[in-house]
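Have a look at the structure below, then the notes.
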Amino acid sequence: MSDAIKHECGVSLIRLLKPLDYYRDKYGSDFFGVNKMYLMMEKQHNRGQDGAGFASIKLDMLPGERYMSRVRSIASQPIQDIFDQINNRINTALEEHPEYIGNTELQKKHIPYIGEVLLGHVRYGTFGKNSIESVHPFLRQNNWMHRNLIVAGNFNMTNVDELFDNLVQLGQHPKEMADTITVMEKIGHFLDDAVAKLYRQIKKEGFTKMEASPLIADRLKVGKILKKAAKNWDGGYTMAGLFGHGDAFVLRDPAGIRPAYYFKNDEIVVVASERPAIQTVFNVDYDEIQEINPGNALIIKKNGIVKETQILEPTERKACSFERIYFSRGSDKEIYQERKNLGKLIFPQILKAIDEDIKNTVFSYIPNTAETSFLGMVKEAQNYLNKKKEEQILTLGRTISREELHNILEIRPRIEKVAIKDAKLRTFITQDSSRDDLVAHVYDVSYGSVKEDDNLVIIDDSIVRGTTLKKSILKILDRLSPKKIIVVSSAPQIRYPDCYGIDMAKLEDFIAFKAALALHKEKNTMHLVDEIYTKCKSQLNTADKDVINYVKDFYKPFSAEQISEKIGQLLSHPEMKAEVQIIFQTIESLHQACPKNLGDWYFTGNYPTPGGNRVVNKAFINFYEGKNERAY
C-alpha cells in the first residue's frame with residue numbers, strides 16, 4: 001500500500017523425518033534442511049525485514065555434545081546475514097576438518113545448525129526498539145534437555161498484563177513484560193511441571209535417572225501442556241515451539257486470525273505462514289497443503305508421529321482479511337483470485353464516479369502490490385464495454401458500416417503505468433521545513449500518459465493514514481492535468497486499531513477517523529465525542545467479556561459516503577487543479593471477495609476476541625486525553 005504499514009511476522013518450521021544421510025544420498029546435499037529453511041524464509045521475507053532468526057535441534061546427541069543452535073540478526077538484510085553466518089561456520093569447520101566432508105555423522109556431531117528440527121522467523125519491529133533481544137526465536141534454557149524451549153510466532157496478545165500477573169502468581173519472576181516472554185514462560189512453566197511429574201512417575205516404576213530421559217520424551221503430552229498454557233490467551237497467533245529433546249508444535253488461535261499451513265509426507269513435515277512458500281520450496285501441489293484448523297496445534301513428536309490436535313475450543317472463524325488484501329504473497333491461488341475479485345466488485349462505484357465515460361478515463365495502480373486488484377478492475381471494465389458494444393452493434397444491425405463498427409470496437413479501457421516509485425529515495429532531513437518537498441518526490445509520473453481533462457483512476461490496496469497520498473502522490477498526479485483524480489481503495493475504510501499483529505494502533509492516525517472527527521466539528525456534534533469518552537472510561541475496570549465497543553458510536557451519525565467525501569477533501573491540496581474523489585470497498589463486497597476470511601474488525605469494529613473491545617476503547621481514551629501511546 002502507499003502508506004507504510006508493518007506486520008508481524010512469518011514463521012517456518014521444518015522437521016526432517018529421516019536420518020540426515022538419507023537427504024544427502026537422495027538430494028545430493030549434506031545441508032538439505034538448512035538450505036530449505038533459507039528458501040522458506042526468503043519466500044516469506046514480505047512478512048518481515050527488520051529482523052530474522054533461525055534455530056535448530058539435533059536429535060539423539062550424547063551428553064556433552066551441543067544439540068541446540070540459534071542465530072539472529074537485525075542487519076539491513078537479516079535473512080542473508082543469518083545464512084552468511086551459518087555458511088561461514090560450516091565452511092570454516094570443513095576447511096579445518098576435511099574428514100567431515102561427506103560424513104554426515106561427523107558434521108552433525110561437530111558443526112552447529114545441522115539438525116533434524118529447524119525453526120525460522122522473519123520479523124517487523126512494529127513498536128519499541130528493534131533490538132536483537134526482540135528478534136525471534138526466543139530461547140528458554142535449562143540443563144534438563146526436555147525443559148529447553150525455543151519459541152517463535154506471528155502473534156500479538158491483547159492481555160499481556162493479565163498473563164504477566166498469572167506468571168507472578170505462579171511464583172515466577174519474568175525479566176520483562178513483552179508478550180513473547182510471557183507466552184514462552186507460561187509454556188515453560190507447564191513444561192517444567194509435566195517433566196517433573198513424569199520423572200517422579202518413571203522413578204517409581206524402577207527406572208534409573210539415565211533411563212528416564214528417553215521415556216520422558218516419549219510420554220510427554222505436548223497437547224496437555226499447550227491446553228494449560230494457552231487457557232487465558234487473548235489475541236491472534238500462530239505460535240511455533242521446539243522442546244530440547246525434539247518435540248515440536250505449531251498452535252493457531254481459536255478464531256484463525258493468523259494463518260498457518262503445513263505439508264507432510266514420509267520424509268518431511270513443513271509449516272509456514274504462507275502456502276505458496278511451501279508449494280515453491282518443496283514443489284508440491286496446492287491440494288497437498290493443509291491449513292491448521294483454528295484452535296488446533298500440529299504436534300510433531302520426537303519419534304516422528306505427527307498429529308493435529310484441538311487445544312482450544314474454536315470460535316467463529318475470523319481469519320484476517322488484510323492477509324488477503326495486502327500482506328500475504330499474491331502468488332497464492334486463492335489470494336490471487338480474491339484480489340482480482342476485490343477490483344471487480346468495486347468497479348460499479350468507479351463507473352458511477354466517471355459518469356460511465358470510459359473513453360476519457362485512464363486506469364492505473366499504486367503500488368505494485370495493487371496490480372492484481374487492478375487486473376480485476378480492468379477485466380470488469382472490459383466486460384462492461386463488451387456488453388455496451390453488443391447492444392450498439394445489435395441496434396445498428398445489418399445497416400452498420402465498417403467505420404461505425406471500427407469506432408465501436410476501438411473503445412477499450414485505457415491502461416497506463418502512471419506512477420513510478422523511486423524506492424531508494426530517502427527523506428534524510430527530518431526537521432527541516434523543506435522535508436515535505438522531499439517526500440513529494442518519492443513518486444514520479446509518466447508524463448504524457450494522461451490527456452488534459454481525462455479522468456484518472458488509481459487503485460491502491462488500502463488507504464490507512466493517507467499521508468503519502470496527500471504529500472506525494474496526489475500532488476504529482478495533478479501535474480498530468482486530469483480533470484478528476486479518483487483514488488480507489490480495494491479495502492474498506494480502516495476505522496479501528498488492530499491488536500492482533502498489524503501495526504495500526506492509534507485511532508488518530510487513521511484518515512477515516514480524522515474525517516469523522518472533522519464532520520463532528522462541522523455538524524456541532526462534539527458532545528457525542530464527549531459521551532463516547534465517558535462510556536469508554538466507565539469500562540476501564542470491567543471484565544473483558546463484558547466490555548462494549550462504544551467507538552462504533554463515533555462513526556454512526558455518518559454514512560460511508562459522507563466519510564469518503566470528507567477524506568477526499570482532507571487529502572486534497574489547495575493548490576491542486578484536479579477534483580479528488582476517494583472510493584472505498586464496501587464491507588459486503590469484501591466478504592463476497594474473501595468468503596473464508598471474514599476478519600474485518602479494523603473496518604467494522606467487530607473484534608473476534610473480548611480483548612479487542614478493551615483495546616479500542618483504550619485507544620479512544622488515549623486520543624481524547626492526548627496521549628500518544630498504544631492501547632496494548
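Note that the coordinates shown come from a computational prediction; the quantities given were computed from them, not determined experimentally.
At most 12 heavy atoms of other shown residues, nucleotides or ligands fall within 6.0 angstrom of atom CD in Glu105. Atom CG of Asp266 sits in a crowded spot, with more than 12 heavy atoms from other residues, nucleotides or ligands closer than 6.0 Å. Within a 6.0 Å sphere centred on NZ of Lys58, other residues, nucleotides and ligands contribute more than 12 heavy atoms. Counting heavy atoms of neighbouring residues, nucleotides and ligands inside a 6.0 Å radius, atom NZ of Lys264 does not exceed 12 of them.
Under a 4.0 Å N-O distance rule, the pair Arg140/Asp192 qualifies as a salt bridge. Residues Glu267 and Lys36 are not paired through a salt bridge, judged by the lack of any N-O separation under 4.0 Å between the basic side chain and the carboxylate. Residues Lys43 and Glu274 are not paired through a salt bridge, judged by the lack of any N-O separation under 4.0 Å between the basic side chain and the carboxylate. Look at Lys596 and Glu338 and you find no salt bridge, because none of the NZ, NE, NH1 or NH2 atoms lies under 4.0 Å from a carboxylate O. Between Arg339 and Glu371 no salt bridge is recorded (no basic side-chain N to carboxylate O distance below 4.0 Å).
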Report the C-alpha separation of Glu323 and Arg258 in whole Å, then their side-chain angles, then the decisive distance to 0.1 Å, and conclude whether the salt bridge (Lys or Arg N to Asp or Glu O under 4.0 Å) test is met.
CA-CA 8 Å; Glu323 289 279 358; Arg258 302 263 68 91; 3.3 Å; yes

Pair Ile14-Phe282, side chain to side chain contact (heavy atoms under 4.5 Å, CB included): steps then yes or no
CA-CA 11 Å; Ile14 294 175; Phe282 291 93; 4.1 Å; yes

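Cation-pi geometry between Lys228 and Phe190 is not met at under 6.0 angstrom from the ring centre and within 45 degrees of the axis.
Note that CG of Leu220 and NE2 of His146 are 7.5 Å apart. Values are rounded to the nearest 0.5 Å. Put simply, CZ on Arg24 and OG1 on Thr104 are 3.5 Å apart, with the number rounded to the nearest 0.5 Å. Atoms CZ and CG, from Phe263 and Asp285 in turn, are 9.0 Å apart once rounded to the nearest 0.5 Å. A distance of 11.0 Å separates CG of Leu215 from CD of Gln201, quoted to the nearest 0.5 Å.
Residues that satisfy the salt bridge (Lys or Arg N to Asp or Glu O under 4.0 Å) test with Glu316, not counting sequence neighbours, are Lys318.
Closest of all the heavy-atom pairs between Thr238 and Val11 is O-CG2, 4.3 Å.
Legend: ring pair (Phe, Tyr, Trp, His ring centres under 6.0 Å) pairs involving residues 81-100, not counting sequence neighbours, sorted by first then second residue: Tyr38-Phe83, Phe54-Phe83, His97-Tyr100, Tyr100-His110.
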